[in-house]
Structure formats: C-alpha cells, structure tokens
2 protein chains.
Amino acid sequence: MKQDIYHKYEKHYVAVDCVIFGYENTELKVLVYPRGFEPSRGKWSLLGGFVNPDETLGDAARRILFNTTGLVNIFQQQVHAFSRPDRDPAGRVISVAYYALIRINQQDTELVREHGAQWWPVSNLPDLIFDHREMIDKALLRLQERAETELIGPELLGDVFTLTNLKKLYEAIFQRDIDAGNFRKKVLSLGALHNTGEKDKSESKKGAYLYQLIPDQGLKVGLVPTNP
Amino acid sequence: MKQDIYHKYEKHYVAVDCVIFGYENTELKVLVYPRGFEPSRGKWSLLGGFVNPDETLGDAARRILFNTTGLVNIFQQQVHAFSRPDRDPAGRVISVAYYALIRINQQDTELVREHGAQWWPVSNLPDLIFDHREMIDKALLRLQERAETELIGPELLGDVFTLTNLKKLYEAIFQRDIDAGNFRKKVLSLGALHNTGEKDKSESKKGAYLYQLIPDQGLKVGLVPTNP
DNA sequence: CCAAAAGTGTTGCTTGTACACCCATGT
DNA sequence: ACATGGGTGTACAAGCAACACTTTTGG
C-alpha cells in the first residue's frame, strides 16, 4: 500500500442521516425510530449510519434505506452536511443528511417494525436527537424546491394516481390549500401526464381518471399558487 | 478522556473546497491556483484544505478564505459534499464544496499572488483537478438560485452601485442578456434599494444614480426574465 | 333526488416582454 | 450636434387567482 501523504491531518467520523418521506392519509410523514444505542438511547432519531471507506455518501444512504425499509432504487437527494463539533455528544461526527421518497405501502413492514421505526407527520414531529429536526426542516425545503420544478408523484403515490391524489400530495408537501381547478389545469398544461383511461372510483361516485407520469418531460415551474 | 464508542467505525479525511466568485469587467470569475503539492502538483485547483477537529465545515471554509485572500466576514454557502472514494487518487477524502462571494478589489493581492492564485472567467475555465469542475458548476447553480431570490449586489459589487452595474452583474451570473428597462423596473419595485442621490459619472456622461441595498428586505422573486 | 367529488369555463387582475422614446451631458 | 448610456412609458400577451358552473353516479 502506498504511503498516506495526508497522514498529518485528522480524520473524522462521517455519517449519513436519512430523512425518509412517505405520504399517507393526506399527510406527509417522516420515518423515525427510537435510537438503540448510546448516547440518547431511546430518543427519536432519523435513520442513519456511518460511511464505509469504499462507498460514496449516496451509497451509504442507499444502504441504510435498504436495511431499514427493504427498498432499492429509491429517489434520494443530498440535503446538507452538518458539522457542529459538539452535535453528537459522544464524539466528533460529521453527518450528511439525505432525503428519500418512498411509498409507505411498499416498505417491508417486518423490517420497519423490527427497528421500531414509526411514521410521524411533518406537521407534528416528536422531539428528535441532536440536529435531526434541523435536518428534516432543510430536507422539506429541498423537497418543496423539487416539487416546484419536477412534478413529484410516482415516488410517493405510485405509478398511477388521480389529479385529486396529486393535489392532496402537493397540499401536504407545501402545507397549504390549493385551488382544485387551477391546479388541474396547470398540471395538465405541462403535458407530462398521460390519461390511462382507467378510473378510480374509490374516492368518489363519479370516479376520477388515473394518470401516469410521462418520463423525461423536462422542467416545470410554478405548480403551487403563491397566495391562496 | 471518555472512551470512543464509535471506535469500530472508520474515520475519513474531510476537506473543504472553496469556489470563490468575484466579479470584474462584466465577467463572473473564480479564483483557482496551481496546486502546490502532490498529487497533481501544478494543476489548477480550487482553494481547499482539511477540516480540523474543533471547527465546523463553515469555519474551515472561512479559514481557507482568510488564509488565501485575507478577507473576513465574507458571504459563503455550502454547496454539496463530494465523496467518490477515488476522487482524490492519494486517498479517501470527502470534500464539501462551499462558494463565497468577494469583491476582487478588496482582496489582499499580496496574499493572492503568494499563492499563485488567478481569476478565471466561469465561461472559460481551465482544466481542474479531481471533481473541482463539477463543484464550480454546482456552485454556480446555487449562486443563480440565490440571485433569483435575494438580490445579490453588495457582496460582489460593493456597498453602492448603479442599476447598470447590477444588471451587468446579473447578466454575468446568468450568462444571458437582460432587458435594461424591465430589469430596472423590477428591481426598484422590490423596494430593497435606496437611491443615495449620488451619481456615478465614470460610465456615462449623464451619470447614473448610486444605490444602496436596504438590509433585511425579505425574499424577492423572478429577477431574471425567462426567455429574452 | 341529492350529496360529493370530478371536471370545465369565465372573469379580472397582475406580471412579463418587447420596444419605442425622452433625458442629460462630455466631447 | 450627436453619440452614449440613463431612465420612462406603453401596449400587448401570458399567467394567475378566484369562483361559478356543469357532470356523474351511488345511496
């Protein structure tokens, strides 16, 4: 092995914490679990873990996501690196937050239960350890930015969904009411949704058309009204 | 000293790389320097350094900025953490990119020269080591996002500036022409600029009013036309 | 028939864009 | 007097928010 030319510098523990978003019951939720080890054992915590030498931060986030939900091929995005030297009382750990979008009904409930993980609405979170609350806040901002420009849907809803489903999802993400008529017109005007012809009758007697996202439809803008 | 409960995990080198933006001659520029040590000695590189145990990533970025430009109290923002295990051929280094905005004429030229650092236009960058080009690209995107909502001016131009100065700065940041009349109206409508009454005659015979940013003027939107 | 969700249409207002035009002044 | 940047005005189009209205159908 070649010599380490950086040896005179200090190394640091580097961790990844995942803000796992799910959508259920018209609410945007985050998966957290009671930490199983000291410090702060038993307090609510994001799902996280240390980074291995041979993996990227994204790899680590994927690994953690897989270990706790059993899911692969999940949309995830880096949020921010948190580095207060005293953020973890047990040692200097630099942690990079990621957020991920999953379909709650697709998770491995066995695995999730095994970890004791629970879904909490973003609007009503429990107390969390360290700076995890800050991580969630920043992650939500990132999610909102993305939802403004990219039409988030399949990641949280499934492959097909009604326009009302989508509207409620956006209301959950932005914590604000959206005018149904205007939302529908705007979303359809993007040309990124394909009407499958199928109807979903579970939410109404009339039934609502199920739509599918057409992949690779470029950037969209301004899905959410500024002042409703 | 208390025992290290995380000892079974690997530590990593953590560095910070600074994308230092400046504005000169209607061009947005980045400060880079020829790397003074192996690997890749002599190749162009961002200004960076390793993180110390007792400082945050932001602290490290500030330290590097001060050491190379002599400046303090500089606006800076985290961009992204880069973590490909092989990004640095000499070892596993996780590097967090920051961008900073400075006034080129305010730098300590002596210090800068000492480092051999040079300003390169973002539109015409030299080859850079590792993933530094990627860092600049991402940093520019972040800068553009910020410029859309926050009215960047003083950071790069100085405390007072004419509306034409500001327009040219925005053209440099977004690499696109902006209609002078519309830009001026929009910027003024934000109510965040204060006309000092003074005129700058260096750019025209008529002279242009010098404006000052009124601090804490909340968020602004849409400073740049979408399709001019 | 009616409640309730799905879906369409209309209207007024704000904003953006393009572009024409006047202003001030050093040379 | 005129070229040059500074600064204002206007006219049209597009986008948006608000809200009234129609459609469908199970109970």
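Quick note on labels: first sequence line is chain A, next is B, and so on, each numbered from 1. The structure presented is a predicted model; accordingly, all values stated were derived computationally and were not measured.
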Nearest-angstrom distance from the residue atom CG of L166(A) to P of dA6(C) | 12 Å
Rounding to a whole Å, what distance do you find between D200(A):CG and dA5(C):P?
-> 13 Å
Not counting sequence neighbours, which residues clear side chain to side chain donor-acceptor pair (under 3.5 Å) with S204(A)? List them please.
-> none
Separation of R184(A) atom CZ from dT23(D) atom C1', in whole Å?
-> 12 Å
Looking at every strand, decide which applies to T164(A) at a 4.0 Å heavy-atom threshold: base, sugar-phosphate, or nothing.
-> sugar-phosphate
Taking only residues two or more places apart in sequence or in another chain, which ones pass side-chain contact (heavy atoms from CB on, under 4.5 Å) with D131(A)?
-> F82(A), R87(A), E134(A), M135(A)
Between protein and nucleic acid, restricted to nucleotides 24-27 of chain C and to nitrogen or oxygen atoms under 3.5 Å apart, what atom pairs and distances do you find?
from, atom 1, to, atom 2, distance (Å)
dG26(C), OP1, K201(B), NZ, 3.3

Compare all side-chain heavy atoms of V72(B) with those of R62(B) and state whether any distance is below 4.5 angstrom.
-> no
Tell me, which pairs form a side chain to side chain donor-acceptor pair (under 3.5 Å) where one or both residues lie in residues 63-77 of chain B, sequence neighbours left out?
-> E55(B)-R63(B)
Quick one: I178(B) CD1 to dG7(D) C1', roughly how many Å, whole number?
-> 17 Å
Phosphate oxygens OP1/OP2 of dT15(C): is one of them under 4.0 Å from a side-chain N or O of K186(B)?
-> no
Write down the distance between CZ (F161(A)) and C1' (dA6(C)), rounded to a whole number of angstrom.
-> 16 Å
Set of residues satisfying side-chain contact (heavy atoms from CB on, under 4.5 Å) with respect to S123(B), sequence neighbours excluded = E27(B), P121(B), Q175(B)
How are the rings of Y170(A) and F183(A) set relative to one another: parallel (under 30°), tilted (30 to 60°) or perpendicular (over 60°)?
-> tilted
Could you list all N or O pairs between the protein and nucleotides 9-12 of chain C that sit under 3.5 Å apart?
from, atom 1, to, atom 2, distance (Å)
dG9(C), O6, K185(A), NZ, 3.1
dT10(C), O4, K185(A), NZ, 3.2

In whole angstrom, give the distance that lies between atom CG of L210(A) and atom P of dA6(C).
-> 11 Å
Let me know the distance between CG of D177(A) and P of dA17(D), rounded to the nearest Å.
-> 14 Å
Over how many whole Å does the gap from Y209(A) atom OH to dG7(C) atom P extend?
-> 7 Å
Sequence-distant partners of K138(B), salt bridge (charged side-chain N to carboxylate O under 4.0 Å, His left out), two or more places apart | none
Output side-chain donor-acceptor pairs under 3.5 Å for residues 97-105 of chain B, partner residues at least two apart or in another chain, one line each.
from, atom 1, to, atom 2, distance (Å)
Y98(B), OH, G58(B), N, 3.3
Y98(B), OH, Q78(B), NE2, 3.2
R103(B), NE, Q106(B), OE1, 3.3
R103(B), NH1, P154(B), O, 3.1

Sequence neighbours excluded, which residues qualify as salt bridge (charged side-chain N to carboxylate O under 4.0 Å, His left out) partners of K167(A)?
-> E171(A)
